[in-house]
Protein chains: 2
Amino acid sequence: MKLDEAKNKYIQTWGSLATSWGINKTMAQVHALLLVSTKPLSAEDIMDALQISRGNVNMNVRALIDWGIVRKEFVVGERKEFFVADKDIWELFKQITKERKKREIEPVLKVLEDLQKVDDDSDEAKDFKKVLGDLSKVTTTVNTILDKAIKADEHWLLSNFTKMVKK
Amino acid sequence: MKLDEAKNKYIQTWGSLATSWGINKTMAQVHALLLVSTKPLSAEDIMDALQISRGNVNMNVRALIDWGIVRKEFVVGERKEFFVADKDIWELFKQITKERKKREIEPVLKVLEDLQKVDDDSDEAKDFKKVLGDLSKVTTTVNTILDKAIKADEHWLLSNFTKMVKK
DNA sequence: CTAAACTTTCAATAATTATTGAAATATAAA
DNA sequence: TTTATATTTCAATAATTATTGAAAGTTTAG
C-alpha cells in the first residue's frame with residue numbers, strides 16, 4: 001500500500017468511527033489529517049485535502065482548538081494561520097475524555113442526584129430510587145476513573161490498566 | 001418532587017445523553033421507561049407514554065432486544081407481548097460495552113493493523129507508522145479493559161477500579 | 001488612513017437520520 | 001378454515017444536523 005493511500009484510508013476510518021461516537025465526521029477527519037501531516041496545514045490546505053468549504057474548515061478547526069487537541073502555529077513569512085495536531089495520542093485521549101466528562105457525565109450525575117429528592121415513600125418510589133442509586137454508582141465510578149486518568153501522568157493508564165488486567 | 005415527574009425527567013435526561021453518545025434518542029427513552037416501570041409494558045403502553053408511533057416502538061424495542069438489554073415477557077390472559085428491562089445496571093453496562101466493542105473498536109483495530117503495511121520506508125512513512133502504532137496501543141488497551149470488564153463477575157469493575165483509583 | 005489578505009459568521013441549503021402510518025405479514029382463538 | 005388481534009416492514013415524510021458560500025468583520029502592510 002502506498003503512503004498516501006494509507007493516510008487517506010486512515011482519515012476515512014477515523015471519520016466514520018467518530019460518527020458513531022457522536023462526533024462530527026468532518027471534525028474527526030480534519031483532526032486525522034493534521035495528525036498524519038508532517039507539516040502545519042493552512043485552512044486552504046485542509047479545504048483542498050478534504051474537499052470542504054472554508055466555513056466548514058473554520059468551524060471544525062475552532063472546535064478542535066476548543067477541545068485542546070489542535071493548535072495554531074505561525075510559519076515565518078506567511079500571514080495566514082497554520083494548524084497542527086499534537087502527535088501525542090495519550091494527550092488526545094485525555095483531552096477528549098475531559099471534554100466529554102464535563103459536557104456529558106457531570107450534568108447527568110447532577111440530574112440523578114436531584115431526582116433522588118422524590119417526596120414519596122411508596123414501594124414504587126423506593127424501587128425507582130434504587131434504580132437511580134445503581135445508575136449513580138456506575139456513573140460515579142466511571143467518572144472517578146476518568147478523573148484520575150485525566151490528572152495522571154502519561155503512563156498511568158497503560159501501567160495501571162495493564163497491571164489490573166493481569167491480576 | 002412527585003414520582004411521576006421524576007420518572008419523566010429521568011426519561012428525558014437519559015434520552016438527551018444518549019443522543020450525544022450516538023444512540024438514538026427514542027431507543028434510550030424506551031429503555032429508560034422500561035427501567036423505571038414496575039410492570040411489563042406493551043407496545044401500546046410505550047406508544048402512549050412516549051407519544052410515538054407503533055412502528056417506532058417496534059423498531060426500537062427490537063434494537064434493545066438485539067443489544068440484550070430488554071426482553072419479552074408474557075402476561076397471563078393477554079395475547080400481546082410485553083417488555084421488561086433488566087434492572088441490573090451492571091448488566092446493562094456490560095451489554096452496551098460488549099456491543100460497542102464489537103461494532104466499533106474491533107473494526108478500527110483491524111484497519112489500523114492493515115495500515116501498518118505501507119511499503120515505504122521514507123521518514124514520513126516512519127512518522128505515520130509511529131502515529132498508527134500509538135493509536136493502536138491506546139485502542140488495544142481500552143479494548144482489553146473492556147474485554148476484561150465484560151467477562152468479569154458483577155463486582156469486578158467497582159472493586160478493581162476503586163482499588164486502582166486509591167493507589 | 002486604505003487596501004489587500006485573511007478569518008469569521010450565519011442564513012440558506014443539502015445531507016443524514018429518525019419517525020410515521022398504513023399495508024403486508026404473522027399468529028391465535030373461535 | 002375464517003376472523004380478529006398483534007407484529008413487522010418500509011416508502012413517504014419530518015426533524016435534525018452538517019455544510020456551503022457570500023457578506024461582514026479583522027488584521028496587517030504600505
Side-chain angles (χ1 to χ4, degrees), chain A residues 11-12 14-34 40-67 70-84 99-100 103-104, chain B residues 11-34 40-67 70-84 100 103-104:
Chain A
I11 291 167
Q12 301 309 319
W14 212 239
S16 81
L17 177 69
T19 302
S20 61
W21 281 91
I23 295 163
N24 169 311
K25 184 184 72 185
T26 306
M27 184 169 155
Q29 289 185 341
V30 171
H31 181 258
L33 177 65
L34 291 171
L41 301 181
S42 70
E44 299 210 331
D45 293 336
I46 299 172
M47 286 168 66
D48 273 13
L50 303 179
Q51 294 291 308
I52 57 178
S53 75
R54 182 173 295 285
N56 202 6
V57 169
N58 188 272
M59 300 275 246
N60 285 295
V61 165
R62 263 193 313 114
L64 288 167
I65 291 174
D66 259 19
W67 278 41
V70 159
R71 58 199 158 71
K72 290 185 183 179
E73 186 140 299
F74 297 97
V75 172
V76 289
E78 288 274 15
R79 228 171 104 180
K80 57 186 155 200
E81 298 175 329
F82 288 79
F83 307 96
V84 291
E99 199 62 32
R100 300 210 81 131
R103 295 193 187 177
E104 295 154 13
Chain B
I11 291 167
Q12 300 311 318
T13 306
W14 211 240
S16 81
L17 177 70
T19 302
S20 62
W21 280 91
I23 295 163
N24 169 311
K25 185 184 72 185
T26 307
M27 185 170 154
Q29 289 185 340
V30 171
H31 182 257
L33 177 65
L34 292 171
L41 302 180
S42 71
E44 299 210 331
D45 293 336
I46 299 172
M47 286 168 67
D48 272 12
L50 303 179
Q51 294 291 308
I52 58 177
S53 74
R54 182 174 294 285
N56 202 6
V57 168
N58 188 272
M59 299 276 246
N60 285 295
V61 166
R62 262 192 316 114
L64 288 167
I65 291 174
D66 258 19
W67 278 42
V70 159
R71 58 199 159 70
K72 290 184 182 179
E73 188 141 298
F74 296 97
V75 172
V76 289
E78 287 275 13
R79 230 173 102 177
K80 55 186 154 199
E81 298 176 328
F82 288 79
F83 306 97
V84 291
R100 299 210 81 133
R103 295 192 188 180
E104 295 155 11

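Since this is a predicted model, take the numbers as computed values, not measurements. A note on names: the letters A, B, ... follow the listed sequences, proteins ahead of strands, and every chain is numbered from 1. Below, all heavy atoms of this structure are taken into account, side chains as well, without hydrogens, waters or symmetry copies.
- The stretch residues 57-65 of chain A does not touch DNA chain D, since none of its heavy atoms comes less than 4.0 Å from the strand.
- Using modelled atom types, no side-chain atom of A:D66 and backbone atom of A:A63 make a donor-acceptor pair closer than 3.5 Å.
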**Asked** What's the verdict on side chain to side chain contact (heavy atoms under 4.5 Å, CB included) for B:E73 and B:F83, showing C-alpha distance, side-chain angles and the deciding distance?
**Response** CA-CA 6 Å; B:E73 188 141 298; B:F83 306 97; over 6 Å; no
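- For the pair B:F83 CZ and D:dT8 C1', the computed distance is 11 Å after rounding to whole Å.
- When the P atom of D:dT8 is taken as reference, atom CD1 of B:I46 falls 12 Å away, rounded to whole Å.
- If you take CD of B:E81 and P of D:dT5, they are 17 Å apart, rounded to a whole angstrom.
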**Message:** Is there a side chain to side chain contact (heavy atoms under 4.5 Å, CB included) between B:N58 and B:R62? Walk through the geometry before answering.
**Reply:** CA-CA 6 Å; B:N58 188 272; B:R62 262 192 316 114; 3.3 Å; yes
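- Rounded to whole Å, atom C1' of D:dT8 lies 16 Å from atom NZ of B:K80.
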Which atoms of nucleotides 21-28 of chain C (N or O only) lie under 3.5 Å from a protein N or O atom, and what are those distances?
| unit_1 | atom_1 | unit_2 | atom_2 | d |
| --- | --- | --- | --- | --- |
| C:dT27 | O2 | B:R79 | NH2 | 3.2 |

**Asked** Between A:L41 and A:L34, is a side chain to side chain contact (heavy atoms under 4.5 Å, CB included) present by the stated rule, with each step listed?
**Response** CA-CA 7 Å; A:L41 301 181; A:L34 291 171; 3.9 Å; yes
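- Between atom CG of residue A:N60 and atom CD1 of residue A:I23 there is a gap of 11.5 Å, rounded to the nearest 0.5 Å.
- Where A:K72 and B:T26 meet DNA chain C, the nucleotide closest to each residue was compared, and A:K72 sits on the side nearer the 5' end.
- Rounded to whole Å, the distance from CG on B:N24 to C1' on D:dA14 is 14 Å.
- The distance between atom CZ of B:F82 and atom C1' of D:dT5, rounded to the nearest whole Å, is 13 Å.
- Protein atom CE of B:M47 is 12 Å distant from nucleotide atom P of D:dA6, rounded to whole Å.
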**Full working for side chain to side chain contact (heavy atoms under 4.5 Å, CB included) between A:W67 and A:M27** = CA-CA 11 Å; A:W67 278 41; A:M27 184 169 155; 3.8 Å; yes
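- A:E104 places none of its side-chain heavy atoms less than 4.5 Å from the side chain of A:E99.
- Along DNA chain C, the nucleotide closest to A:K25 and the one closest to A:E78 are compared, and the more 5′ of them pairs with A:E78.
- Here the CZ atom belonging to B:F82 is positioned 5.0 Å from the OG atom belonging to B:S42, to the nearest 0.5 angstrom.
- Minimum interatomic distance between A:P40 and A:D45 (heavy atoms only, all atoms of both residues): O-OD2, 4.3 Å.
- Spacing between atom CG of B:L50 and atom C1' of C:dA18 amounts to 14 Å, rounded to whole angstrom units.
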